[in-house]
Every structure is written in structure tokens, then in C-alpha cells.
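This report concerns only the one structure given below.
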Protein chains: 2
Amino acid sequence: MKPTIIDVAERAKVSKATVSRVLNNNPQVKDEIRERVLRVIEELGYRPSAIARNLATNRSNVIGLILPDITNPYFPVIARGIEDAAHQLGYALFISNTDNDPKLEQEYIQKMVEQQVSGIVLISSTLDEETVHELTSLQMPIVLCDRLIVGKPFDAVLIDDYKAAYEAVSYFIGQGHQRIAHLAGPRNIQSAENRKTGYLDAMRSANLEPFVSVGTFSYESGMHQMGAVIDEYRPTALFASNDLLALGAMQEIHRRGLTIPGDIAVIGCDDIPFSKMSRPMLSTISIPVYQIGVTAVQLLEDQMKGVRVGMKSVIMEHKLIHRESCGGVDLL
Amino acid sequence: MKPTIIDVAERAKVSKATVSRVLNNNPQVKDEIRERVLRVIEELGYRPSAIARNLATNRSNVIGLILPDITNPYFPVIARGIEDAAHQLGYALFISNTDNDPKLEQEYIQKMVEQQVSGIVLISSTLDEETVHELTSLQMPIVLCDRLIVGKPFDAVLIDDYKAAYEAVSYFIGQGHQRIAHLAGPRNIQSAENRKTGYLDAMRSANLEPFVSVGTFSYESGMHQMGAVIDEYRPTALFASNDLLALGAMQEIHRRGLTIPGDIAVIGCDDIPFSKMSRPMLSTISIPVYQIGVTAVQLLEDQMKGVRVGMKSVIMEHKLIHRESCGGVDLL
DNA sequence: TTGAAAGCGCTAACAC
DNA sequence: GTGTTAGCGCTTTCAA
């Protein structure tokens with residue numbers, strides 16, 4: 001059997017309260033006794049049970065991360081930011097993939113509640129009313145990360161998708177492009193919609209005829225959509241709603257014997273690790289993904305400590321990274 | 001306050017034992033009472049505390065995953081396989097990144113022990129004696145995943161790195177290549193060493209002069225090393241120890257105005273998602289990463305259920321995926 | 001089929 | 001400075 005606090009207490013000839021005190025670094029323990037206890041702990045290889053502790057203190061020092069799919073190259077860096085920040089603050093991390101399925105989201109939220117997590121970081125693109133309602137009724141610290149449905153009553157860390165898209169398109173316009181296409185993401189993903197709107201507005205304000213092709217946020221989708229876009233619109237520039245889409249589009253552009261950026265200039269969004277490995281290297285809107293994760297945990301910590309009342313949203317800065325695929329002068 | 005089992009019991013006018021029974025689907029509860037209790041649970045929005053439950057049952061239904069870095073594109077798919085399998089079996093998942101730091105590995109193992117996880121999946125490249133010793137003394141279900149230090153007394157799921165490398169090199173030899181270089185991974189990573197040995201043996205058995213360049217498992221390393229390899233060895237083919245290395249090497253090859261596979265044919269290893277997005281598409285040794293994760297959890301489950309005594313290693317099948325970068329006839 | 005009560009391993013008053 | 005004791009919310013005998 002694993003030793004318990006009682007085993008330690010008996011062997012060290014003290015009460016378990018004292019053992020508990022040394023465990024929690026309570027200063028009012030005589031050094032001599034502290035050392036004796038420590039020694040016994042060592043001898044026995046004793047490890048306090050976090051579970052018993054949690055039950056007694058009603059806190060778990062665990063935070064939960066719920067995200068769509070760790071396999072999507074956009075998320076690992078966020079996850080890493082969250083994990084690093086969490087561990088730094090002494091929290092362990094639960095993780096669950098939902099594939100954006102509201103059913104699963106709710107199920108995992110429930111599970112986390114049952115596990116008594118101290119807080120939840122939720123990355124969801126599709127938050128429905130029901131989930132929101134469930135979340136609010138939880139009375140639990142929650143931070144929405146990156147893909148907010150606007151107007152929801154939660155802390156959130158986001159980027160300004162609208163502006164990011166607007167800037168990318170404006171760059172193309174500044175370069176003299178007239179036929180700028182947009183590969184959009186799924187309609188139920190808020191950030192995709194915002195980027196689309198940004199694109200549309202930028203085009204309109206320059207009196208240019210927009211062309212949008214809607215797909216999923218995947219490489220394959222980028223390939224397939226791009227074929228039709230070329231056939232129907234003959235763009236000289238492309239703004240893709242995320243890098244995977246852009247990379248897929250580039251593949252198709254090359255397949256047709258067209259050049260990048262010569263025939264078609266391309267800008268993506270997210271700056272996933274691979275965007276600098278493509279040929280030509282993908283120009284893209286860079287998002288401080290790691291920092292988003294760190295910030296999310298900070299907001300969570302604030303809530304957990306009760307430092308702050310009321311909600312708080314943090315908007316992270318994005319930046320157009322001028323690599324090879326968008327043509328034009330080097331902006332650096 | 002969150003309702004407890006007592007609140008439910010009182011409101012349903014039964015004892016908490018009965019509530020506990022319906023919670024655990026104990027069949028010997030009268031339907032009428034079961035329904036009444038269920039109704040109250042619903043009304044109160046009651047959720048049993050996993051923590052209290054764990055303390056009472058001494059099981060946590062949580063498994064821990066310790067891996068080097070979720071940000072490395074090789075790991076997310078494994079992680080996903082593990083998570084899916086875990087959730088399927090009713091386990092939640094802890095996750096920790098170690099960056100292959102033995103200190104951190106030990107720290108996280110300790111944390112997981114304190115959290116009373118039911119089992120641990122450990123992906124480590126560098127397992128030192130001390131950690132192994134700690135692990136064995138834990139008496140806890142453990143599965144080593146993918147990067148085994150051979151001869152350690154744990155369950156493991158692996159691939160045959162030696163053979164994989166041997167096959168890749170043999171393919172090149174079969175194509176008539178004489179100057180086949182190898183970009184190796186770090187010396188302290190077992191799989192990298194095994195791949196290197198496979199390369200070396202294949203070269204020797206064909207009486208070819210080998211050329212190995214050792215670096216890290218990164219894209220940048222691939223770029224940098226490849227420069228020297230070209231200068232010093234003028235290879236016509238390259239076997240890289242992983243895809244990131246291969247992709248970096250391809251970048252450098254292109255930068256020098258050389259063609260792939262024309263001037264230098266390349267084969268990578270791992271089949272990370274990006275290997276099919278590169279241009280040309282990277283030929284590589286494909287590893288059933290997702291299945292590795294699933295299998296690891298199955299082994300863990302076996303241990304946790306006590307189904308099996310003794311150790312077990314599972315070797316997963318790899319396969320050379322012939323895409324564009326390795327030249328030669330299409331093998332399909 | 002149900003209830004009473006002991007206990008899981010720890011923390012936190014409170015008393016000494 | 002240290003010990004006693006009463007919980008934390010659940011499961012699980014054991015009786016009834």
C-alpha cells in the first residue's frame with residue numbers, strides 16, 4: 001500500500017496535523033521536527049494524495065482546456081502557451097478535443113466540472129446558446145480563447161479578424177491588384193466570418209468586385225476551391241482565411257503552371273509553423289498564438305483568485321508578415 | 001453552493017446510499033425510486049464530485065500523457081489518438097510537455113502520481129536511469145510510446161526504426177544511387193540512433209561510402225546541415241531521419257538551384273501532415289501515429305484492469321510512401 | 001430493496 | 001508549536 005499521512009505521522013512520532021503543516025510549508029513547525037518529518041517522508045517515499053487534498057480544500061489546481069482539434073496546426077502552439085503558463089502557476093492541465101461538436105463540448109464541460117477543475121479555457125468556434133447558458137450557470141472561471149462569439153458574457157482573448165483581413169486586402173490594393181479573391185472559412189466559425197467581412201469591406205471601399213469561395217479550414221479545401229476560383233474569376237491576388245487554405249491554393253496554382261506571386265499573389269492568415277516552410281514562403285497575418293495561450297491563463301488566474309470582477313476581453317495584435325508569396329517590395 | 005449527494009438524498013427522501021446506487025446504475029433500485037432520484041438530480045443540476053468519488057474508490061479515471069513538445073508536428077496526432085482512445089474508455093487526460101528535459105519528466109511524473117492518475121503514457125527520448133528507477137518504483141501502469149530506450153522494463157509501442165531506415169536506403173540503392181547522405185537526429189534520441197544505424201548498415205552492405213550529418217530534429221537544422229552535406233559530399237540522394245529535417249533540406253537544395261528529385265532525391269521519415277503539402281511532395285516512411293496513440297492506451301487499459309501480467313511491446317508497421325521527392329517509378 | 005455508518009487521505013479550526 | 005477532531009462528498013459493507 002502507498003503510505004498515507006498517517007504512516008508518516010506515526011513513524012515520525014507526531015500528529016498528522018504536523019505532517020500536514022510541513023507539507024504545506026507552514027512556518028510554525030520547529031525545525032528539528034520538520035526535518036524529522038521530511039526524513040520520514042523521504043524514507044517512505046510518501047506522496048500526498050492530491051485527491052484527498054482537493055476534497056479537503058475544495059480546490060483542484062487543475063485547469064481544463066477544451067479545443068477543436070490538437071491536430072490542426074493552429075492549436076498546438078496555443079495549447080503549449082496555455083500549458084506553460086498553467087504549470088508555471090502550479091496548475092495541471094486537462095485537455096479535450098471537440099471537433100467543434102457542441103454535444104462534445106457540453107459533455108467535456110460537464111466532465112471538467114465533475115473533476116472540479118479550477119477553471120476552463122474554451123476554444124470554440126460554434127458556441128450555441130445552450131452551451132453558453134450552461135457555462136454561465138456553472139459559476140466557474142472561464143476564458144474564451146481566440147474564437148469568440150461576440151457579445152457572450154465571458155472573459156476572452158481574441159484578435160481583430162476584421163481588421164487583419166482588411167489590412168491584407170488593402171496591401172494588395174496598394175500593390176495595384178484589382179482582382180483579389182477570398183477563400184473563406186466555414187460560416188459557423190466567427191473568425192472566418194469576420195475575416196470575410198473585412199475582405200468585403202476593403203474591396204467595396206476600393207470599388208472592386210469581390211469574389212468569395214467558401215470552404216472548410218483545410219488544405220484540401222484550399223486546393224479544390226482554388227480551381228474554381230481561377231476558372232471563374234481569374235484573380236491576380238488571393239487572400240485566404242487561414243494558412244492551410246492558402247497552402248492548398250498554392251498547390252493548385254502551381255499545378256496549373258501558374259506562378260506565385262507572379263500570376264497570383266497570396267496572403268494567408270495565422271502564421272502556422274509551416275507557412276515559412278512552403279515554397280515560395282507564405283506571406284501571412286501573424287497572430288501571437290503562444291501569447292494568446294499565456295494570456296488566457298492569466299485571465300483565468302485573475303478570475304480564480306477573485307482579483308477582478310466583471311468581464312475582460314484582451315485583443316492581441318496581429319501583423320502582416322511579408323514573405324515571398326505576396327509580391328511587392330519587402331516591407332521590413 | 002453546489003448541491004451534494006446529501007441535498008439530492010433529502011429532496012428525494014431517500015438515503016445517500018440509494019442516490020449513490022442510482023448514480024452507479026446499480027440495478028437493485030426500484031424503478032419508481034430511481035426515477036424520483038433522477039428527477040431531483042435534474043432539478044438540482046447535481047453533478048457528482050469526481051474528487052470525492054476518487055477518494056472513496058481510490059481510482060481516478062484519469063490518465064496522464066507526458067510528451068516532449070506538442071508543438072512538434074509529429075506529436076499532435078499521437079496525442080489525438082491517445083485522447084480519443086482515453087475518452088472512449090471513460091478516462092480524462094492530463095497533458096504535460098517536457099522538452100525532453102529529464103528534470104521536468106520526473107517532476108511531471110510526480111505530479112501525476114499525486115493526482116492519482118490511473119496510468120501514464122510517456123513519450124520520452126531520453127529516459128535516464130534515475131527516471132526509470134522512479135518509474136518502476138511507482139507500481140503504476142505505464143506505457144512507453146514510440147521512443148523507447150530498449151531493454152527498459154515497461155510496456156511499449158514502437159516502430160522498427162532500424163528497418164525503416166534500411167528500407168529507405170535500399171530503395172535508393174535499388175534506384176542506382178551511390179552517394180546517399182543521411183541527416184541524423186540528436187544522439188540522445190534512441191529512434192534517431194536506430195535510424196542512423198539502419199542507414200549505415202544498408203550502405204555498408206552495398207559497399208557504399210556513407211555520409212552522416214548530425215543535428216536536431218528541426219527544419220532549421222535540416223537547412224543548415226544540408227548546405228554542408230552538399231558541399232562536402234555531393235549526394236544524389238538523401239535520407240533524413242525525420243520529415244522536418246527533410247523539409248529543411250529541400251529548402252536548401254532549392255535555394256542552391258538544384259532540383260528534387262532530379263539532382264537530389266529525398267526521403268524523410270514520420271509522414272507528418274505537411275509532408276504532403278510540400279513541393280515536390282515529400283516521399284517518406286509513414287508511421288501509423290494515430291494508431292500508436294490508440295494502442296498505447298489499450299496497453300495501459302490492460303495493465304489497469306490487471307488483464308495481463310508481464311510486459312508487452314507492440315511494434316507498429318511502417319511503410320515507404322512514394323510521393324514525388326524520391327524519384328523512380330511509382331511503386332503503387 | 002433500502003438505510004446506517006464507517007472510512008477514503010487530507011486540511012483547518014480549536015484547544016492545549 | 002503541536003495535537004485533537006470534525007469534516008470534505010462519495011462508496012461500500014453490513015443490517016434490516
Side-chain angles (χ1 to χ4, degrees), chain A residues 1-38 40-41 44-62 90 110-118, chain B residues 1-38 40-41 44-62 90 92 110-118 140:
Chain A
M1 271 311 284
K2 276 183 59 174
T4 74
I5 199 172
I6 295 196
D7 300 317
V8 177
E10 286 175 353
R11 181 120 172 214
K13 302 198 190 311
V14 294
S15 71
K16 48 182 197 153
T18 298
V19 177
S20 177
R21 288 191 186 97
V22 343
L23 248 28
N24 293 285
N25 290 314
N26 185 322
Q28 55 185 18
V29 179
K30 222 195 298 183
D31 279 356
E32 180 199 331
I33 295 204
R34 175 185 305 281
E35 274 160 32
R36 197 167 74 217
V37 171
L38 254 17
V40 172
I41 287 178
L44 263 38
Y46 165 77
R47 293 283 137 194
S49 155
I51 289 191
R53 214 167 195 161
N54 294 342
L55 186 57
T57 57
N58 202 26
R59 297 177 304 99
S60 73
N61 285 355
V62 175
Q110 286 302 346
K111 284 225 164 161
M112 303 247 170
V113 172
E114 291 176 14
Q115 295 284 349
Q116 317 268 112
V117 298
S118 306
Chain B
M1 271 312 283
K2 276 183 58 175
T4 74
I5 199 173
I6 295 196
D7 300 316
V8 176
E10 285 175 352
R11 180 118 170 217
K13 304 200 186 314
V14 295
S15 71
K16 45 183 199 153
T18 299
V19 177
S20 176
R21 288 190 186 100
V22 342
L23 249 28
N24 293 286
N25 292 314
N26 186 320
Q28 56 188 16
V29 179
K30 222 195 298 181
D31 280 355
E32 182 199 331
I33 294 204
R34 175 185 305 279
E35 275 160 33
R36 196 165 76 216
V37 171
L38 254 17
V40 172
I41 287 179
L44 263 38
Y46 166 76
R47 294 281 137 195
S49 156
I51 291 191
R53 213 165 195 164
N54 294 343
L55 185 56
T57 57
N58 201 26
R59 298 178 302 101
S60 74
N61 284 355
V62 175
Q110 286 303 344
K111 285 228 163 159
M112 303 244 169
V113 172
E114 291 177 13
Q115 295 286 349
Q116 316 268 114
V117 298
S118 307
M140 154 162 320

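None of these values were measured; they are calculated from a predicted model. In what follows, chains carry the letters A, B, and so on, assigned in the order in which the sequence lines appear, proteins first and then strands, with residues in each chain numbered from 1.
As rounded to whole Å, 14 Å separates atom C1' of C:dC10 from atom CG of A:Asn61. Put simply, CD1 on A:Ile5 is 16 Å from P on D:dT5, counting in whole angstrom units. Atom CD of B:Gln115 and atom P of C:dG9 are 16 Å apart (whole Å). B:Arg53 has its CZ atom 9 Å from the C1' atom of D:dT11, to the nearest Å.
Here the shortest heavy-atom pairing between B:Ser60 and B:Asn54 reads CA-OD1, 3.4 Å. Minimum heavy-atom separation, B:Met140 to B:Val117: CE-O, 3.5 Å. Across all their heavy atoms, A:Ile6 and A:Lys16 have their closest contact at CG1-CD, 4.2 Å. Across all non-hydrogen atoms, the minimal contact from B:Tyr46 to B:Ile5 is CE1-N, 3.6 Å. Closest approach of B:Leu55 and A:Ile51 over heavy atoms only: N-CG2, 3.6 Å. In plain terms, the two heavy atoms of A:Leu23 and A:Ile41 that are nearest each other are CD1-CD1, 3.6 Å.
By the 4.5 Å heavy-atom criterion applied to side chains, A:Lys13 and A:Val40 are not counted as neighbours. Using a 4.5 Å heavy-atom threshold, the side chains of A:Thr18 and A:Arg36 count as separate.
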Please report the C-alpha distance between A:Val62 and A:Gln116 in whole Å, then the side-chain angles of each, then the deciding distance to 0.1 Å, and finally whether the side chain to side chain contact (heavy atoms under 4.5 Å, CB included) criterion is met.
CA-CA 8 Å; A:Val62 175; A:Gln116 317 268 112; over 6 Å; no

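Look at B:Ser20 and you won't find any side-chain N or O under 4.0 angstrom from OP1 or OP2 of D:dC10. OP1 and OP2 of D:dT2 both lie 4.0 Å or more from every side-chain N or O belonging to A:Ser15.
Counting any heavy atom pair closer than 4.0 Å across all strands shown, A:Val14 reaches sugar-phosphate atoms only and no base atom.
Rounded to 10 degrees, the angle separating the terminal axes of the helix from C:dT1-D:dA16 to C:dC16-D:dG1 is 40°, with each axis obtained from five end pairs.
DNA chain C lies under 4.0 Å from at least one heavy atom of each of the following residues of residues 23-36 of chain A: A:Asn24.
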Distances for protein N or O near nucleotides 5-8 of chain C N or O, under 3.5 Å:
from	atom 1	to	atom 2	distance (Å)
C:dC8	O2	B:Leu55	O	3.4
C:dC8	O2	B:Ala56	N	3.3

Sort me out a list of protein N/O and nucleotides 14-16 of chain C N/O pairs below 3.5 Å, or just none if empty.
none

Atom pairs and distances, side-chain donor-acceptor, residues 26-33 of chain B, under 3.5 Å, sequence neighbours left out:
from	atom 1	to	atom 2	distance (Å)
B:Asn26	OD1	B:Gln28	N	3.0

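For A:Glu10, the salt bridge (Lys or Arg N to Asp or Glu O under 4.0 Å) criterion is met by no residue, not counting sequence neighbours.
Looking at A:Arg47, its side chain never comes within 3.5 Å of a backbone N or O of B:Glu114 through a donor-acceptor pair.
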